[in-house]
Structures are given as structure tokens and as C-alpha cells.
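In each ligand, atom 1 is the first atom listed, and ligand 1 is the first ligand listed.
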Amino acid sequence: MVDGGRRLEGKVRISGAKNASLPILAASLMATQPVILRNIPQISDVEIMLAMLTALGMSCSWLDDHTLKLVPPKQLNTKAPEKLLREMRASILVVGPVLAKEGKVIVTQPGGCNIGPRPIDYHIKGMEALGANIREDSGMIIFEAEQLKGAEIMLDYPSVGATENIMCAAAVGSGKTVIHNAAKEPEIIELQNFLNLLGARVKGAGTDRITIVGVDSLGGTDYSVIPDRIEAGTYLVAGAITSGDVTVEPVIIDHLEAILAKLLEMGFAITKEANSVRIQATGRGKAIALRSMPYPGFPTDMLPEMIPLLCLADGISMVYETVFASRLKHVDDLVRMGARIKTEGRLAMITGVPALHGTTVRATDLRAGAALILAGLAANGQTIVENAEHIDRGYEDIVGKLQSVGAEIVARDL
Ligand code: UD1
């Protein structure tokens, strides 16, 4: 429940990155010695991944609020529980690690955020190229390989998850693998750094060509995860949409460039420091054109959160989502709050209005849910966001963090 119209002011502490934590947790399955992971966010997607790791035989314990200790078993289980795969798409990231370590893994098609069809064909093609034998049996996908072999792999699309799965699968085994048209997201660089600390030989992450030379086995390590660039972007929008003055810290400025460029283009004042960014907003901001792209383009995960801001901007904005089919699910609810938006498939035309009004809305997925909270912060009156548990998948303590900068927001079971 959000009572809108409060100007947000102050500093928001940014948690560790969800999309770095999940692949690193999955990659830990390949360790043969204990792994300590620091700055892991307390979000429900991490809980699901920990349940998956535990089901596969890892012993996982929290040393403090954000530090995990993972102790690998002698041998992993090779069947991933269907329920966890259905709950979260990123569960598919266990395929590469378990296959590399045990020579076998059994999964079903993963589920996850309801943002359009999300097949796993690139993952399957990648494992096949590395020499895995893959078959389907009563809804199960069974991957088997006595020994994975290095290969030249050209991805049809720079898929983040497929790049990560292939990096892991190729890290243990024989020979050299080259991934062409690899995803270039910062979280891929994080996975490379983590794998190399475990003893892997990976280079090129951050470019579209990643080379992995398989080693016999991996050890253990101690690793701290980078700040979440999407969480940081979300709180910057919270500052902008409330005509506020919000600083996010810690952040890695480079990772935020695409988001900051658009906020600057809208006319908001941005101050960059070594590991923080401050946004100062005095008015509604100007309309812009916005298009999501793989990194270093504007992140698809941040596109839904920009929409409420554009709803209140001066002029007509055009928004085009290129990565997922159904990123605009919150548009109907925003229209019910007074926004003027026309959509055509992945395209939205937004005519800015001077104000939104609160009402009851429903989160359909993680980012759309966060966007509805942002709309509620700016709206006149009260906004109730139902199904808000989607938001806990990726935002640690969003209610507490917003309260700390002056928002009137509470979480309540209805
Ligand atoms: C990751 C992120 C997610 C982000 C997305 C794009 C994690 C845990 N999640 O998801 O937050 O929105 O990157 O930046 O890091 N595709 C296929 N076949 C495949 C794989 C993907 O067609 O085998 C398609 C997808 O449907 C989508 C596009 O490729 O249209 C990009 O997906 P991908 O980059 O793989 O996203 P994820 O790794 O699932």
C-alpha cells in the first residue's frame, strides 16, 4: 500500500546483484572445496536457488545476512526438482555445472517471470556442441556426456543464460571452447572472475568472444558480488518520479551508463561520484524514445520501471522492447491510474499526463510489479499493489528502503 505524493530524499543502499548471484550460486556446484559468497541479496530468487543447490546435495548456510557458505558433497544429485525449475527460470543455470561435474543432469522446461515465451533451445544447442547427448523422456530433458569436449559455439542471440551455462559446462573438461556472439553483460564478467578464482581458465567476458580452456577440476574460493544495477536504476527512477533527491550507493557507474543517459536526456540532474549516483529532479522530465537492447544497450529489466516516469513526462514517448515478448503487462493498470498509453505488441506510445491517481493494481511479474510501486509513489491518493510477492524475487526489502527515503509505503497481507 503506497500513499503517493511524498518527495523522496536521501540515500538508498544497493544490494548485491540478483543476476550475478544466481549464476555464481549455480556455478558453485562445480566446486570441490567450500565456497564463501558475500553481498548476496536476501531475495526470494536466491532462496529458490539455494533450495535447488540443497536438493542437488550442497550444504548451504548463511554466515550473516548477506554471506553464504556452500560446502559441496562428494557427488551431486543429478535430478533437479521440477517444482524449483517451474518456480524460477534461472534454475536452468544448474545444467552446465552439474553436467560438467557429474556427466549427467535431468531437468524439465523452466518457468519463471511471466514475460513471454522463454525457450531453452540455445542452452540445449550449446550443451550438444560440447558433446552432450540430449534426450526427452516423459517431459524430462536428460543431458549426458562421459566427457565434455571443447567446441566453437556460435550463439544465435547473445543470450545471458546460455552464455553462462556454456561457460560453466566448458570450464571442466578437455579442450578449448570459444563462444561467439556471447552476451556482454557485467554479470558475465562476474561469472568469469568467480570461475577463474575456482581455478578455471576463462577469458574474454565482456566482449562477444569468450574463450574457455577446460581444467580437470575446480577448488573453492571467497567472492563478493557486485551491486545490482537494476535495483539502483529503480531507486533513481523513484527519486525522479517524486521530484526528489535520491543517492544510490554502492554502484558501479559503468554498469549504469545506459540508464543514466536516458535519465539525463529526460532532463534530470545526475551527479556521479566514485561509487554513488545522485539524482535531483525538479519537474516532470521530457518525453524520450526508449528501446531495450542487450548490454551495453538499455536493459530490458529496467524498461518497465521507466514507463511510469514516461507516463508523467512532458510530451510523447515511444518505447520498444526488443528482448522479451510481454514486458508491457502493467500498461493496463497504469492506464487505470490515469496514464495515456497505446500499445501495439512490443511497442508503446505514451502521452505524458500531469498526474496519476492511486487505485488497486496487480503485479504480474518482478519488474512490472516494481514499476507499479513507482507509479504509486507519484500518484495522488493510495495505490494498492496486489501479488507483490513477485517483487520480492528481485528487490531486497523494497518497502524498508523506500520508507528510509520518506515514502509512505507498507506491506500487508490482504
Ligand atoms: C537474463 C536475466 C534476466 C534478463 C535477461 C536479458 C538472469 C538470472 N536473468 O535472463 O533478468 O531480463 O537475461 O537481459 O540473469 N532465448 C531463446 N532461447 C534460449 C535462451 C533465450 O529464445 O535458449 C531468448 C529469450 O526468450 C529472450 C532472449 O533470448 O527473448 C534473451 O534471453 P536471455 O538473455 O537468455 O535471458 P535469461 O538468461 O533468461
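Using a 4.0 Å cut-off between heavy atoms, Met88 makes no contact with ligand 1 at all. Within the 4.0 Å heavy-atom criterion, both parts of Ser159, backbone and side chain, lie near ligand 1. Counting heavy atoms closer than 4.0 Å to ligand 1, residue Val323 contributes atoms from both its backbone and its side chain. Contacts between Asp301 and ligand 1, counted as non-hydrogen atom pairs separated by less than 4.0 Å, involve the side chain only.
Within the structure, the closest approach of Ala183 to ligand 1 does not fall below 4.0 Å when heavy atoms are considered. The closest approach between any non-hydrogen atom of Arg89 and ligand 1 is below 4.0 Å. Note on ligand 1: Arg367 sits outside its first shell, no heavy atom being nearer than 4.0 Å.
For the pair Pro119 and ligand 1, the shortest N or O to N or O distance falls below 3.5 Å. The shortest N or O to N or O distance between Thr300 and ligand 1 is not under 3.5 Å. Geometrically, ligand 1 and Pro158 share no nitrogen or oxygen pair separated by less than 3.5 Å.
For the residue pair Lys101/Ser217, the side-chain donor-acceptor check at 3.5 Å is not satisfied. No side-chain N or O of His66 forms a donor-acceptor pair with one of Gln42 less than 3.5 Å apart. In summary, the side chains of Glu321 and Ser292 do present a donor paired with an acceptor at a separation below 3.5 Å, with no hydrogens or angles considered.
Note on Asp222 versus Arg38: salt bridge recorded, some NZ/NE/NH1/NH2 to OD/OE distance being below 4.0 Å. A salt bridge does not link Lys272 to Asp254: none of the charged nitrogens lies less than 4.0 Å from a carboxylate oxygen.
For the side chain to side chain donor-acceptor pair (under 3.5 Å) with Asp333, the lone residue among Lys329, His330, Arg336 that qualifies is Arg336.
Between Met127 and Val95 the shortest side-chain heavy-atom distance falls below 4.5 Å.
Of the listed options Thr322, Leu366, Val160, Val160 places a heavy atom closest to atom 13 (O) of ligand 1. The heavy atom nearest to atom 25 (C) of ligand 1, out of those in Phe324, Tyr295, Tyr157, Tyr122, is found in Phe324.
Under a 4.0 Å criterion applied to the non-hydrogen atoms of Arg327, ligand 1 contributes the atoms 12 (O). Set against the non-hydrogen atoms of Gly161, the atoms of ligand 1 under 4.0 Å away are 35 (O), 38 (O). Counting the atoms of ligand 1 from 1 in the order shown, those under 4.0 Å from a heavy atom of Ala90 are 8 (C).
Residue pairs meeting the salt bridge (charged side-chain N to carboxylate O under 4.0 Å, His left out) criterion with at least one member in residues 165-188, sequence neighbours excluded, are Glu187-Arg229. Sorted by first then second residue, the side chain to side chain donor-acceptor pair (under 3.5 Å) pairs that include residues 122-131, not counting sequence neighbours, are His123-Asn165, Lys125-Asp156.
In the displayed structure, Arg340 atom CZ is contacted under 6.0 Å by at most 12 heavy atoms of other residues, nucleotides or ligands.
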